[in-house]
Amino acid sequence: MSNSIQEFNDYRQKMNDKLLADNNKIVKRIFNLDTNAYAPGALDVKTKELLGLVASAVLRCDDCVKYHLETSHKNGITKEEMMEAMGIATLVGGTIVIPHLRRAYEFWEELEENAVL
C-alpha cells in the first residue's frame, strides 16, 4: 500500500478510535448512522459510495473524498465510473471543486497502483 494511503488510513483509524473511546453518545450515534447509511438497501453499495463521493467533493472535504474513493475502489467501481461521478461533482460544485478533483485523481492513481502490487 502506498505511503499516503497507509498514512491516511492509519491517522483516520487512530483518531476514530480516540473519538469513540471518549464515549460521547452523539458522536457514536453519528458514526453508526454513517456506517449504516452505506449498507445495501434500495440503492446498492456502489451507488451509495458514488453519491457519497459526489457530496464530499461538492462540500470540498478531501478526507471524505479519499475515504469514498478507497471504498469505491474496494467495491469494484471503475475509473470511468469514478470520473463520471467526479465530473458531476465538478459541474454541481463549480470550478472551486477542481483542486479537489486533482487530488482525487491522484489518490485514485495510487489506489490503482497498489491494486497491481
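Position 1 is the first residue of the sequence, and the numbers go up from there. Note: hydrogens, waters and symmetry copies are ignored here, and every other heavy atom, side chains too, is used.
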So, does Lys66 use its side chain to make a donor-acceptor pair with the main chain of Ala104 at under 3.5 Å? no
Of all the heavy-atom pairs spanning Asp63 and Phe8, show the shortest one and how long it is. O-CZ, 3.4 Å
Centroid separation His73 to Phe107 less than 6.0 Å: no
Verify the neighbour count for atom CD of Glu84: are there more than 12 heavy atoms of other residues, nucleotides or ligands below 6.0 Å? no
Which heavy atom of Ser56 sits nearest to which heavy atom of His68, and what is that distance? OG-CD2, 3.4 Å
Has Tyr11 got more than 12 heavy atoms of other residues, nucleotides or ligands less than 6.0 Å from its OH? no
Transitive ILVMFWY cluster of Ile88 at side-chain heavy atoms under 4.5 Å: who else is in it? Val54, Val58, Val92
Check for me, please, whether Leu101 and Val65 land in the same ILVMFWY cluster - side-chain distances under 4.5 Å, paths through other members count. yes
Side-chain heavy atoms under 4.5 angstrom apart, residues restricted to Ile, Leu, Val, Met, Phe, Trp, Tyr: same cluster for Val97 and Tyr105? no
Does one side chain, of Asp17 or Gln13, offer a donor that lies under 3.5 Å from an acceptor on the other? yes
With sequence neighbours left out, what residues match Arg103 under side-chain hydrogen bond (donor to acceptor under 3.5 Å, both in side chains)? Asp62, His100
Asn75 CG to Lys46 NZ distance, which is reported to the nearest 0.5 Å: 8.0 Å
So how far is it from Leu53 CG to Leu69 CG, rounded to the nearest 0.5 Å? 5.0 Å
How long is the gap from OG on Ser72 to CE on Met82, to the nearest 0.5 Å? 9.0 Å
CE/Met83 to CD/Glu81 distance, rounded to the nearest 0.5 angstrom? 13.0 Å
Hey, what do you get for CD1 (Ile98) to OG1 (Thr90), rounding to the nearest 0.5 Å? 6.5 Å
Without swapping roles, check the side chain of Glu70 against the backbone of Tyr67 for a donor-acceptor pair under 3.5 Å. no
Hydrophobic cluster mates of Ile30, side-chain heavy atoms under 4.5 angstrom, ILVMFWY only, any path? Ile26
Look up atom CE in Met15 and atom CG in Asp10, then write down how far apart they are to the nearest 0.5 Å. 13.0 Å
If hydrophobic clusters are built by linking Ile, Leu, Val, Met, Phe, Trp and Tyr wherever their side-chain heavy atoms come under 4.5 Å apart, do Trp108 and Ile5 end up in the same one? yes
Is the shortest distance from a Lys or Arg side-chain nitrogen in Glu106 or Arg102 to a carboxylate oxygen in the other one below 4.0 Å? no
Verify the distance criterion only: is there a donor paired with an acceptor across the side chains of Thr47 and Asp44 at less than 3.5 Å? yes
